[in-house]
Trainee: 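There's a structure below that I have some questions on.
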Amino acid sequence: MRAAPGPDLYAMVDCNNFYASCERVFDPALEGRPVVVLSNNDGCVIARSEEAKALGIAMGEPAFRRETFFARHGVHVRSSNYALYGDMSARVAQVLESFCPDVERYSIDECFLLLRGSRLATPERLLALAAGIRRTVRRWTGIPVCVGLARTKTLAKVANRLAKRNPDCGGVRLLDDPADVEAQLARFDVGDVWGVGRRNAARLRAMGVDTALKLARLPRELTRRTLTVTGLHTVLELGRIPCISFEAAPPPAKSLVSSRSFGTRVRDLPSLEEAVSFHAQRVAEKLRSRRLVAGAVQVFIQTNPHQPDPQHSGSGCLALDAPTAHTPDIHARALRILRSVYRPGFLYQKVGILALDLTPEGRRQLCLDEPDGETRRAREALMRVLDGVNAAYGRGTLRLAASGLGKRPWHMRQAYRSPRFTTSWDELPVAR
DNA sequence: TCTGGGGTCCTAGGACCC
DNA sequence: TCTGGGGTCCTAGGACCC
């Protein structure tokens, strides 16, 4: 006789202070020290080690306001290094895949594991599995993680948070017993629930709903009305009813963006054109690397909302003649849009380009305006050369002259970046 | 003088996630 | 001087059609 299968369980594996942990793996002197990682442009704090949190440094704080504080308290500051973090993230996911075939890479620092009903499903064995995962990830990648187990993704996120908060858990927490779930939700702030953001947390609090348990008990119709169907799913998930499905593979992308704030704000059209040229190249490169083509292009520009200066934001969208990932096509459309939305006299802070209506490269529809076979082969060959040179000699080796040569005021600041230890031969760590 | 109802599609804006 | 970037989903409202 086979044992009856247990219920499916979700494990949420979340890397602790991921970016700060990545920095520590390659610079052990940071161990035990406060570490913060800054956003692109060294704008604001996007990751903190525990020691940095203990100093009262908040998530999202503008870095420039904390410079003297950082210096005074010996806070180690790093610019973000996504080449390093992305690579470390893939290594962590690989370790998880050695434990469980069903791994969803939810974000750069989180994975869901689907533990299908099995005889493993006794609390002791589940916790032992979670502890094994935690130990192995740490040993093989150097990254500390916590593991939360529950019937739904939303509760697994709660369990993960409990594992992090409570040192007695040893980094793992099973949240399955209904009485336990209820007791924990009663002490869990509604704003900490996955899917409840700042705005909705405030609305809920105004209704007297300040804990996850009160949210779980909200009548369904009222929930749907105030929080839409997404909120309803959250409520059901808190009640142990799975609504948010496991995504083995990421769904096909619908849009893709390249955007960035400027190192120095920009007033003139020629500089904006350079920046747009830069982003047009990046968008086209990203499309090609993911084997996608875009049907339309959108460009937006905006001034700095944090400044008292006159504000302007504009955006426009144009269809491409045929779905494409050809840099010059996307570039030409993007410039046209920029010129139509630009208004002189404003200090712009940011531009971005979106590629929209994405479809897989092979499956594009035939179009009357499609270039003939020979032209198309020549265009594709050109892009292959472009990508090949940039892969071999570094991004930006071969690029549009329109994106400007040399250091530009709109280039981002990145004063504290660590080396790309794991993805660039020139920046490998050296043991002396 | 009277001026419907129901359906679809698109877009902008808002909310959320990390 | 200096406040990130990259995504998704949902809804309301307008345009349009019959």
Side-chain angles (χ1 to χ4, degrees), chain A residues 12 14-15 17-19 36-47 58-68 70 77-82 85-86 89 104-112 153-154 157 160 191-204 223-234 243-245 247 250-266 279 282-283 286 290 296 298 300 302-309 313-317 319 347 349-358 409-416:
Chain A
M12 148 93 336
D14 188 332
C15 303
N17 314 321
F18 180 56
Y19 298 165
V36 298
V37 178
L38 306 184
S39 63
N40 274 328
N41 234 358
D42 294 339
C44 52
V45 175
I46 56 166
M59 189 73 168
E61 260 191 281
F64 71 90
R65 272 196 215 138
R66 282 290 205 165
E67 261 163 29
T68 51
F70 291 159
V77 180
R78 292 284 182 274
S79 302
S80 40
N81 183 350
Y82 288 103
Y85 310 149
S89 171
E104 174 184 336
R105 301 187 187 195
Y106 173 67
S107 73
I108 196 163
D109 65 343
E110 292 165 289
C111 287
F112 285 106
K153 284 183 165 180
T154 304
K157 293 274 274 188
N160 185 286
D192 290 340
V193 174
W194 187 44
V196 178
R198 231 188 32 230
R199 299 299 289 260
N200 284 332
R203 294 169 69 194
L204 286 166
T223 308
R224 217 207 61 81
R225 229 178 20 246
T226 48
L227 302 180
T228 80
V229 297
T230 12
L232 181 59
H233 289 161
T234 299
C243 294
I244 304 171
S245 57
E247 309 280 352
K254 296 176 175 171
S255 65
L256 180 160
V257 181
S258 175
S259 76
R260 193 147 291 166
S261 302
F262 301 134
T264 310
R265 284 184 289 160
V266 162
H279 290 296
R282 276 196 82 214
V283 157
K286 285 189 192 184
R290 299 176 202 186
Q298 187 182 344
F300 65 87
Q302 54 191 235
T303 49
N304 187 341
H306 301 289
Q307 296 294 324
D309 315 330
S313 64
S315 82
C317 185
L347 270 174
Q349 186 227 5
K350 184 175 184 176
V351 300
I353 301 189
L354 291 82
L356 305 171
D357 294 344
L358 307 188
W410 50 270
H411 285 168
M412 70 169 169
R413 287 184 307 275
Q414 215 182 23
Y416 317 100

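Since this is a predicted model, take the numbers as computed values, not measurements.
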Trainee: Applying a 4.0 Å non-hydrogen cut-off, can you work out what A:N304 is touching in the nucleic acid: base, sugar-phosphate, or nothing?
Mentor: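 Contact class for A:N304: sugar-phosphate only.
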
Trainee: Look at all strands and tell whether A:T264 reaches a base, only sugar-phosphate, or nothing, counting heavy atoms closer than 4.0 Å.
Mentor: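 If one applies the 4.0 Å heavy-atom cut-off, A:T264 turns out to touch nothing in the nucleic acid.
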
Trainee: Using the rule given for side-chain contact (heavy atoms from CB on, under 4.5 Å), can you reason through A:S261 versus A:N40, listing the C-alpha separation, both sets of side-chain angles and the distance that settles it, and then say yes or no?
Mentor: CA-CA 8 Å; A:S261 302; A:N40 274 328; over 6 Å; no

Trainee: With respect to the phosphate group of C:dT1, does any side-chain polar atom (N or O) of A:Q307 fall under 4.0 Å of OP1 or OP2?
Mentor: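 For A:Q307, the contact criterion (side-chain N or O under 4.0 Å from OP1 or OP2 of C:dT1) is not met.
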
Trainee: Walk along nucleotides 7-18 of chain B from 5' to 3' and tag each nucleotide B, S or - by protein heavy-atom contact under 4.0 Å, base first, then sugar-phosphate.
Mentor: --------SSSS

Trainee: As a check on the pairing definition, encode DNA chain C in dot-bracket form, counting Watson-Crick and G-U wobble pairs whose two distances are under 3.5 Å, and using | for partners outside this strand.
Mentor: ....||||||||||||||

Trainee: Judged by atom type as modelled, is there a donor-acceptor pair below 3.5 Å linking the side chain of A:K153 to the main-chain atoms of A:S245?
Mentor: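 Looks like yes, one N/O pair under 3.5 Å.
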
Trainee: So which of A:L256, A:V283, A:V257 actually passes side chain to side chain contact (heavy atoms under 4.5 Å, CB included) with A:I353?
Mentor: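 Going through the options one by one, the only one that passes is A:V283.
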
Trainee: Please tabulate, one pair per line, all N/O donor-acceptor pairs under 3.5 Å involving side-chain atoms of residues 224-232 of chain A, not counting sequence neighbours.
Mentor:
residue	atom	partner	partner atom	Å
A:T226	OG1	A:L222	O	2.8
A:T228	OG1	A:T230	N	3.4
A:T228	OG1	A:T230	OG1	2.7

Trainee: Any side-chain N or O of A:Q349 below 4.0 angstrom from OP1/OP2 of C:dG4?
Mentor: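 Result: yes.
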
Trainee: What pairs with A:Y85 under ring pair (Phe, Tyr, Trp, His ring centres under 6.0 Å), at least two apart in sequence or on another chain?
Mentor: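 Counting only residues at least two positions away or on another chain, A:Y85 forms a ring pair (Phe, Tyr, Trp, His ring centres under 6.0 Å) with A:Y19, A:Y82.
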
Trainee: What is the distance from CG of A:N41 to P of C:dT3, rounded to the nearest Å?
Mentor: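 Distance, rounded to whole Å: 7 Å.
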
Trainee: Which residues pass the salt bridge (Lys or Arg N to Asp or Glu O under 4.0 Å) test with A:R282, not counting sequence neighbours?
Mentor: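 For A:R282, no residue satisfies salt bridge (Lys or Arg N to Asp or Glu O under 4.0 Å) once neighbours in sequence are set aside.
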
Trainee: With sequence neighbours excluded, what pairs up with A:N304 under the side-chain contact (heavy atoms from CB on, under 4.5 Å) test?
Mentor: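 Expected list: A:R265, A:H306, A:Q307, A:Q349.
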
